[in-house]
Amino acid sequence: MADQRDPDCLFCKIVTGDIPATVVRETERTLAFRDIKPQAPTHVLVIPKDHYPNAATLAAADAELTAAVLSEAAGVAADEHIAESGYRLIFNTGAAAGQTVFHAHVHVLGGEQFHEGLV
Ligand code: 5GP
Ligand code: ZN
């Protein structure tokens with residue numbers, strides 16, 4: 001089991017309320033809040049409240065929590081009325097992928113037409 005909080009982690013501070021965020025959904029073990037620099041009309045981050053540095057370490061440690069994060073991402077899409085039109089779920093993992101916050105999170109992006117392909 002990972003340490004529940006990392007005192008130097010930005011998203012852990014959002015979980016504890018030390019840094020404010022616009023929360024859109026919350027469960028006992030997950031939090032969903034709007035990205036501070038949205039890249040699409042809907043841009044929400046879903047995180048486990050416990051600290052894991054990325055999606056791979058989260059998945060290796062806790063399958064149930066990983067599933068909860070994905071379920072909440074689907075819940076965000078439904079709440080934001082983008083479930084039908086379509087949306088992207090992105091887990092940046094590692095610096096080369098552009099990960100800048102090393103607390104596992106999935107980006108929920110939608111509300112516009114994306115290009116086909118991945119980038
Ligand atoms: P990454 O690049 O690590 O996959 O994504 C980190 C995301 O966190 C970025 O999209 C960035 O805009 C967002 N972010 C960084 N600092 C904050 C913050 O203080 N509050 C919120 N709500 N989002 C943040
Ligand atoms: Zn953290």
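Whatever order the structure lists ligands and atoms in, that order sets their numbers, starting from 1. Basis for what follows: all heavy atoms, side chains included, without hydrogens, waters or symmetry-related copies. Residue numbers start at 1 and run along the sequence shown.
- Following chains of ILVMFWY side-chain contacts shorter than 4.5 Å, one can reach L89 starting from L58, so the two form part of one hydrophobic cluster.
- Aromatic ring orientation, F11 versus F33: perpendicular (interplanar angle above 60°, classes split at 30° and 60°).
- Counting heavy atoms closer than 4.0 Å to ligand 1, residue F91 contributes nothing at all.
- The protein heavy atom nearest to atom 1 (P) of ligand 1 is H105 NE2, 3.2 Å.
- Of all heavy-atom pairs between G110 and I82, the closest is CA-CD1, 3.9 Å.
- Judged by distance alone, with hydrogens and angles left aside, the side-chain atoms of H103 form a donor-acceptor pair with the main-chain N or O of P48 at under 3.5 Å.
- Taking a 4.0 Å cut-off on heavy atoms, G98 registers as neighbouring ligand 1.
- Within the 4.0 Å heavy-atom shell around ligand 1 one does not find T22.
- Of all protein N/O/S atoms, those under 2.8 Å from the Zn ion (ligand 2) are C9 SG, C12 SG, H51 ND1, H103 ND1, and waters are not counted.
- No donor-acceptor pair under 3.5 Å is formed between the side chain of K49 and the backbone N or O of Q4.
- Cluster annotation: V106 is not connected to I14 through the hydrophobic network of ILVMFWY side chains, with a link wherever side-chain heavy atoms come within less than 4.5 Å.
- Listed by number with element, the atoms of ligand 1 under 4.0 Å from a non-hydrogen atom of F33 are 22 (N).
- A salt bridge links R34 with E80: the closest approach of a Lys/Arg side-chain nitrogen to an acidic carboxylate oxygen falls below 4.0 angstrom.
- Among all non-hydrogen protein atoms, the one lying nearest atom 3 (O) of ligand 1 is T100 N, 2.7 Å.
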- Message: Pair L45, H107 - check side chain to side chain contact (heavy atoms under 4.5 Å, CB included), show working.
- Response: CA-CA 5 Å; L45 304 172; H107 297 257; 3.3 Å; yes
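- Taking atom 22 (N) of ligand 1 as the reference point, the nearest protein heavy-atom neighbour is R34 O, 2.9 Å.
- Taking every heavy atom of K37 and a limit of under 4.0 angstrom, the matching atoms of ligand 1 come to 12 (O).
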- Criterion side chain to side chain contact (heavy atoms under 4.5 Å, CB included) on D50 and R5, from CA distance to verdict: CA-CA 6 Å; D50 289 350; R5 308 276 175 262; 3.9 Å; yes
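- Of the listed residues (N54, D35, I47), the one carrying the non-hydrogen atom nearest atom 13 (C) of ligand 1 is D35.
- Atom CG of D6 is separated from atom CZ of F102 by 12.0 Å, given to the nearest 0.5 angstrom.
- The nearest protein atom to atom 14 (N) of ligand 1, hydrogens excluded, is given as I36 CG2, 3.8 Å; this is a heavy-atom distance.
- Contact annotation for Q39 and ligand 1: no heavy atom of the residue comes within less than 4.0 Å of the ligand.
- Remark: ligand 1 and V101 share an N or O pair separated by less than 3.5 Å (distance only, no angle test).
- Put simply, V69 and Y87 are part of the same group of oily side chains (I, L, V, M, F, W, Y) that touch within less than 4.5 Å, one to the next.
- Cluster membership for V101 and L31, using ILVMFWY side-chain heavy atoms within less than 4.5 angstrom, is shared.
- Annotation for ligand 1: atoms under 4.0 Å from non-hydrogen atoms of F11 are 8 (O).
- For atom 16 (N) of ligand 1, the nearest protein heavy atom (residue, atom name, distance) is L10 CD2, 3.2 Å.
- Here F102 has no heavy atoms under 4.0 Å from ligand 1, in either its backbone or its side chain.
- Heavy atoms of I90 found under 4.0 angstrom from ligand 1: none, in either backbone or side chain.
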- Could you walk me through whether L65 and Y52 pass the side chain to side chain contact (heavy atoms under 4.5 Å, CB included) check? CA-CA 11 Å; L65 184 54; Y52 295 95; 3.9 Å; yes
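- At under 3.5 Å, a nitrogen or oxygen of N92, whether backbone or side chain, sits near a nitrogen or oxygen of ligand 1.
- Hydrophobic clustering, with ILVMFWY side chains joined whenever heavy atoms are under 4.5 angstrom apart, groups I19 together with V15.
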